[in-house]
Undergrad: 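Got a structure for you, questions after.
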Amino acid sequence: MTDSRLLRIIAFLIPAFFAGGASAQDDTQDLAKKLSNPIASLISVPFQFNYDSGYGPNDGEKAYVNIQPVIPVSLNADWNMISRTIVPVIWQNDIAGPSGEQSGLGDITQSLFFSPSKPTESGIVWGVGPVFLVPTATDDLLGGGKWGAGPTAVVLKQSHGWTVGMLANHIWSFAGDGDRSDISTTFLQPFVSYTTKDAWTFTLNTESSYNWEAEEWSVPINFQIAKLVVIDKQPISLFAGVRYWAESPDSGPDGFGFRTGITLLFPKK
């Protein structure tokens, strides 16, 4: 993307959000519905900013941007492979008691889903594959220091603007720093969303995880609103939302947090 194009996008971003974009409603609604499908045949690059507080005895705080490119690859007429990467860029303060500030890169999570190119006769979309944890953290307090791997799966159905589904994975550590705790974590993300004809999407989900080593749940409940617009022929989804920590470890966040960001879309020709 050129600098001049980026400036044009920024200049028109806020008014375009409320005006509803520049393309036909049917096209934007279709793209918005694809965004609700984690394994849609659509290249997307979300930049997701998150903020939470209440960590540990010093009420630490954490802000991070997840860069999450999703890239589908057609293997043949019947099967696709979808690559989903999460690259966290983190700033945090007193996250582990009086631990001061850290900033930098966290551990990268890489998922590969193998999915039929068409839904089942009943409209079910599904995908399965491996997930990998890569210890790329630039500070001990920004990551687990372990290599990990395990299975991941997603299943969903879309009908009349609604999307209902579940994404899940489990990661076990198998190598890395021997002085760091082993990892055995289950991630569960049930979700429901509704997309309107003018490409507004309302989403409710949890991004729950269970740490089998510590026997602790983390359960944030998220509500998010997104709007898909087209600026200078570039489809963009703008989103914002809040979350409430229904359950977290004693050292984890509590109360309310928030999320906002932008997703760049690159529909396959």
Side-chain angles (χ1 to χ4, degrees), residues 46-68 84-111 131-150 152 166-173 176-177 179-191 203-224 239-261:
F47 295 85
Q48 180 197 91
F49 176 82
N50 298 266
Y51 176 82
D52 295 294
S53 61
Y55 287 85
N58 283 52
D59 287 332
E61 54 185 339
K62 181 176 183 178
Y64 57 99
V65 175
N66 281 337
I67 305 168
Q68 303 181 120
R84 300 185 77 236
T85 309
I86 301 177
V87 181
V89 181
I90 304 169
W91 172 88
Q92 60 191 29
N93 182 54
D94 284 348
I95 205 75
S99 53
E101 291 188 14
Q102 299 83 38
S103 61
L105 188 65
D107 291 341
I108 292 175
T109 304
Q110 174 65 57
S111 301
V131 59
F132 304 98
L133 180 67
V134 184
T136 51
T138 54
D139 187 284
D140 285 350
L141 289 178
L142 296 178
K146 294 284 191 177
W147 291 87
T152 186
M166 164 81 83
L167 187 151
N169 67 48
H170 187 92
I171 295 177
W172 292 275
S173 57
D177 188 341
D179 294 329
R180 305 294 298 276
S181 299
D182 290 336
I183 294 173
S184 178
T185 302
T186 299
F187 175 80
L188 301 171
Q189 186 182 6
F191 54 89
T203 302
L204 180 68
N205 71 20
T206 74
E207 296 170 352
S208 303
S209 60
Y210 184 72
N211 182 335
W212 292 87
E213 296 290 328
E215 298 183 342
E216 293 176 325
W217 277 101
S218 295
V219 184
I221 300 173
N222 303 292
F223 176 72
Q224 178 175 293
F239 57 88
V242 296
R243 67 171 149 266
Y244 177 73
W245 288 91
E247 182 71 29
S248 68
D250 290 340
S251 60
D254 59 25
F256 285 91
F258 70 88
R259 169 178 295 170
T260 188

Undergrad: About how many Å separate OG1 of T185 and CG of N211, when rounded to the nearest 0.5 Å?
TA: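 Interatomic distance, N211 CG to T185 OG1, rounded to 0.5 Å: 4.5 Å.
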Undergrad: Could you grab the distance from atom CZ of R84 to atom CG of L167, nearest 0.5 Å is fine?
TA: 6.0 Å
Undergrad: Which value, rounded to the nearest 0.5 Å, describes the distance between S53 atom OG and D94 atom CG?
TA: 12.5 Å
Undergrad: Show your working on side chain to side chain contact (heavy atoms under 4.5 Å, CB included) between L188 and W217 and close with a plain yes or no.
TA: CA-CA 11 Å; L188 301 171; W217 277 101; 4.2 Å; yes
Undergrad: As an exercise, state the distance from NZ of K62 to CH2 of W91, rounded to the nearest 0.5 Å.
TA: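 Atom-to-atom, K62:NZ and W91:CH2 are 11.5 Å apart.
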Undergrad: Under a 3.5 Å distance rule, please check whether S248 uses its side chain to pair with a backbone N or O of P253 as donor and acceptor.
TA: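 Side chain of S248 to backbone of P253: a pair is present.
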Undergrad: Going through the distances and angles, do L204 and I221 end up as a side chain to side chain contact (heavy atoms under 4.5 Å, CB included)?
TA: CA-CA 8 Å; L204 180 68; I221 300 173; 4.1 Å; yes
Undergrad: Which heavy atom in T138 sits nearest to a heavy atom in S103, and how many Å separate them?
TA: OG1-O, 4.0 Å
Undergrad: Of all the heavy-atom pairs spanning F132 and A149, show the shortest one and how long it is.
TA: CD2-CB, 3.9 Å
Undergrad: Are any side-chain N or O atoms of R180 and backbone N or O atoms of G143, one a donor and one an acceptor, separated by less than 3.5 Å?
TA: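 Checked: pair present.
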Undergrad: May I ask you to decide if G106's main-chain N or O and T136's side chain share a donor-acceptor pair within less than 3.5 Å?
TA: yes
Undergrad: May I ask you to test the L142-L105 pair for a side-chain heavy-atom distance under 4.5 Å?
TA: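 They are not in contact (no side-chain heavy atoms under 4.5 Å apart), so the answer is no.
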Undergrad: Hey, are the side chains of T203 and N222 touching, using non-hydrogen atoms and a 4.5 Å cut-off?
TA: no
Undergrad: For F191 and M166, which heavy atoms make the closest approach, and how far apart are they?
TA: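 For F191 and M166, the tightest heavy-atom pair comes out as CE2-N, 3.5 Å.
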Undergrad: Before you tell me yes or no, could you show the steps for W147 and V134 under side chain to side chain contact (heavy atoms under 4.5 Å, CB included), namely the whole-Å CA-CA distance, both residues' side-chain angles and the distance that decides it to 0.1 Å?
TA: CA-CA 5 Å; W147 291 87; V134 184; 3.8 Å; yes
Undergrad: Could you tell me which non-hydrogen atom of P88 sits nearest to which non-hydrogen atom of N66, and how far apart they are?
TA: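 Scanning both residues, the minimum pair turns out to be CB-OD1, 3.4 Å.
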Undergrad: Which atom pair, heavy atoms only, marks the closest approach of P249 to S218?
TA: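 For P249 versus S218, the nearest heavy atoms are CD-OG, 3.2 Å.
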Undergrad: Checking the side chain of Q92 only, and the main-chain atoms of L141 only, is there a donor and an acceptor separated by less than 3.5 Å?
TA: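 The answer is yes, because a donor-acceptor pair under 3.5 Å joins these two groups.
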Undergrad: Sub-3.5 Å donor-acceptor pair from the side chain of T85 to the main-chain atoms of Q68, do we have one?
TA: no
Undergrad: Nearest 0.5 Å please: distance from the CZ atom of F49 over to the OG1 atom of T260.
TA: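 Reported value, rounded in 0.5 Å steps: 8.5 Å.
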Undergrad: Taking all non-hydrogen atoms of both residues into account, name the closest pair between F239 and R259 and its distance.
TA: CE1-CG, 4.1 Å
Undergrad: Are D107 and K146 close enough for a salt bridge, meaning some N to O gap below 4.0 Å?
TA: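 No, no charged N to carboxylate O under 4.0 Å.
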Undergrad: Can you tell me how far OG1 of T206 sits from CD of E247, rounded to the nearest 0.5 angstrom?
TA: 12.5 Å
Undergrad: Just by distance, do the side chain of N50 and the backbone of Q48 share a donor-acceptor pair under 3.5 Å?
TA: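 Yes, N50 side chain to Q48 backbone: donor-acceptor pair under 3.5 Å.
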Undergrad: Taking the side chain as every heavy atom from C-beta outward, state whether Y64 and D52 have any atom pair closer than 4.5 Å.
TA: yes
Undergrad: Does the side chain of T186 come under 3.5 Å of the side chain of W212 through a donor N or O and an acceptor N or O?
TA: yes
Undergrad: Compare all side-chain heavy atoms of W245 with those of V219 and state whether any distance is below 4.5 angstrom.
TA: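 No; the side chains remain at least 4.5 Å from each other.
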Undergrad: What residues form a side-chain hydrogen bond (donor to acceptor under 3.5 Å, both in side chains) with W172, not counting sequence neighbours?
TA: H170
